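Chain letters run A, B, ... following the sequence lines, proteins first and then strands; every chain starts at 1. Just so you know, these numbers use all the heavy atoms, side chains as well, and skip hydrogens, waters and symmetry mates. Only a predicted model underlies this, so the values are computations on that prediction, with no experimental measurement involved.
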Amino acid sequence: MGCVPSKGRRQFPGYEDPVFLAAQTTFSVSEVEALFELFKSIGSSVVDEGIINKEEFVLALFKNRKKENLFASRIFDLFDVKHKGVLDFGDFVRALHIFHPSAPLEDKIVFSFKLYDLDNTGFIERQEVKLMLLALLGESEMKLADETIEAILDKTFLEADTNQDGKIDLSEWHSFVLKNPSLLRIMTLPYLRDITTAFPSFVFYSEVDEAAA
Amino acid sequence: QPVAMNAFELISMSKGLNLENLFGT
């Protein structure tokens, strides 16, 4: 392809070669290039500096830059594997790869476990789950009495915490989500299969030959 | 009936966990 010369993609901080990123992920080279169009779009919504900051990430999710959200913030932090406080293109592609319909189930299970292990102790604790339930209630304006929340937590930990030590480890989480596959629905984005159709403009900026894509 | 659901089913309803929205930009 290469219809139009690239307009300085390599000037983007953390820009990585699409061929290199495709080799590391489920994405084809064309899909990585289409993701770059999405990346640019999100990363230029507040400050156009070639990276995605947390504000831009939350804005993309909520269309509201003032909103703070525990879950969006947690996902951002997990995408930010190098703990730089911003996402570069490589971070973005490698993290989204886990959400691809063809990504390994095991990767989705581990990512979802980390998502809910808010304090990174290697366990999902009851207090963390309660905090997330309260955050959900705040976000949705759904109202639940404290005793209802405790009943939900009791039921959840009875099912998930099989050794009944008050916390859910990765092995327990693994068994729990296999019995409740709907919990992994958030970990798969069917849209990623059609990313080149969603961002066809990648063709105009492609730097690779069709044969390589 | 929220009480019939487990906590994670409820939590996964959060808009902040729905990355589909990223593609709407």
Side-chain angles (χ1 to χ4, degrees), chain A residues 38 41-42 45 56-63 67-75 95-96 99 112 115-116 124 126 129-130 132-133 135-137 139-140 142 144 148-149 151-153 155-160 168 173 176-177 180 182-187 189-192 194-195 198-199, chain B:
Chain A
L38 171 63
S41 158
I42 298 173
S45 61
E56 288 165 333
F57 191 78
V58 174
L59 176 63
L61 282 176
F62 287 93
K63 316 286 177 259
K67 195 148 189 164
E68 285 194 19
N69 183 275
L70 171 72
F71 304 108
S73 174
R74 184 71 188 145
I75 289 198
L96 275 183
F99 292 79
S112 62
L115 183 62
Y116 298 136
I124 302 173
R126 187 176 170 115
V129 184
K130 183 164 185 176
M132 291 187 275
L133 277 178
L136 172 80
L137 295 176
E139 182 190 317
S140 64
M142 191 195 307
L144 289 178
T148 308
I149 293 173
I152 292 168
L153 289 168
K155 171 181 149 58
T156 304
F157 276 77
L158 196 61
E159 289 172 25
I168 300 165
W173 179 250
F176 186 62
V177 294
N180 298 275
S182 67
L183 296 183
L184 288 180
R185 208 174 291 141
I186 56 162
M187 291 303 309
L189 300 170
Y191 209 90
L192 288 174
D194 303 314
I195 196 73
F199 295 93
Chain B
Q1 289 294 341
V3 78
M5 300 173 87
N6 73 54
F8 297 102
E9 285 172 308
L10 283 167
I11 290 165
S12 62
M13 291 161 62
S14 166
K15 204 175 168 190
L17 291 177
N18 186 354
L19 294 192
E20 289 279 339
N21 294 325
L22 284 181
F23 303 99
T25 50

Rounded distance (nearest 0.5 Å) linking atom CG of B/Leu19 with atom CE of A/Met187: 8.0 Å

Any idea which of A/Phe57, A/Phe71, A/Phe99 has the most non-hydrogen atom pairs under 4.5 angstrom with chain B? A/Phe71

Report the distance from atom CG of B/Leu17 to atom CG of A/Leu61, rounding to the nearest 0.5 Å. 9.0 Å

Which of A/Asn180, A/Leu133, A/Ile168 passes side-chain contact (heavy atoms from CB on, under 4.5 Å) with B/Phe8? Answer is A/Ile168

Considering only heavy atoms from C-beta outward, does the side chain of A/Ser140 approach that of B/Lys15 to under 4.5 Å? no

Honestly, the part of A/Leu115 sitting under 4.5 Å from a heavy atom of chain B is side chain

Between B/Asn6 and A/Leu183 the two heavy atoms that sit nearest each other are OD1-CD2, 4.1 Å

What closest approach, in Å, do A/Ile152 and B/Met5 show between heavy atoms, and which atom pair accounts for it? CG2-O, 3.9 Å

Would you say B/Glu9's side chain and A/Ser182's backbone share a donor-acceptor pair under 3.5 angstrom? no

Indicate the atoms forming the closest heavy-atom contact of B/Gly16 with A/Glu139, along with that distance. N-OE2, 3.8 Å

Given B/Ser14, which of A/Asn69, A/Ile186, A/Leu70 fulfils the side-chain contact (heavy atoms from CB on, under 4.5 Å) condition? A/Asn69

Restricting to non-hydrogen atoms, name the atom on B/Leu22 and the atom on A/Ala60 that form the minimum distance, rounded to 0.1 Å. CD2-CB, 3.7 Å

Starting from the C-alpha separation in whole Å, work towards a yes-or-no answer on side-chain contact (heavy atoms from CB on, under 4.5 Å) for B/Phe23 and A/Leu38. CA-CA 7 Å; B/Phe23 303 99; A/Leu38 171 63; 3.4 Å; yes

I'd like to check the side-chain hydrogen bond (donor to acceptor under 3.5 Å, both in side chains) partners of A/Lys130; sequence neighbours left out, ordered by chain and number. A/Asp146, A/Glu150

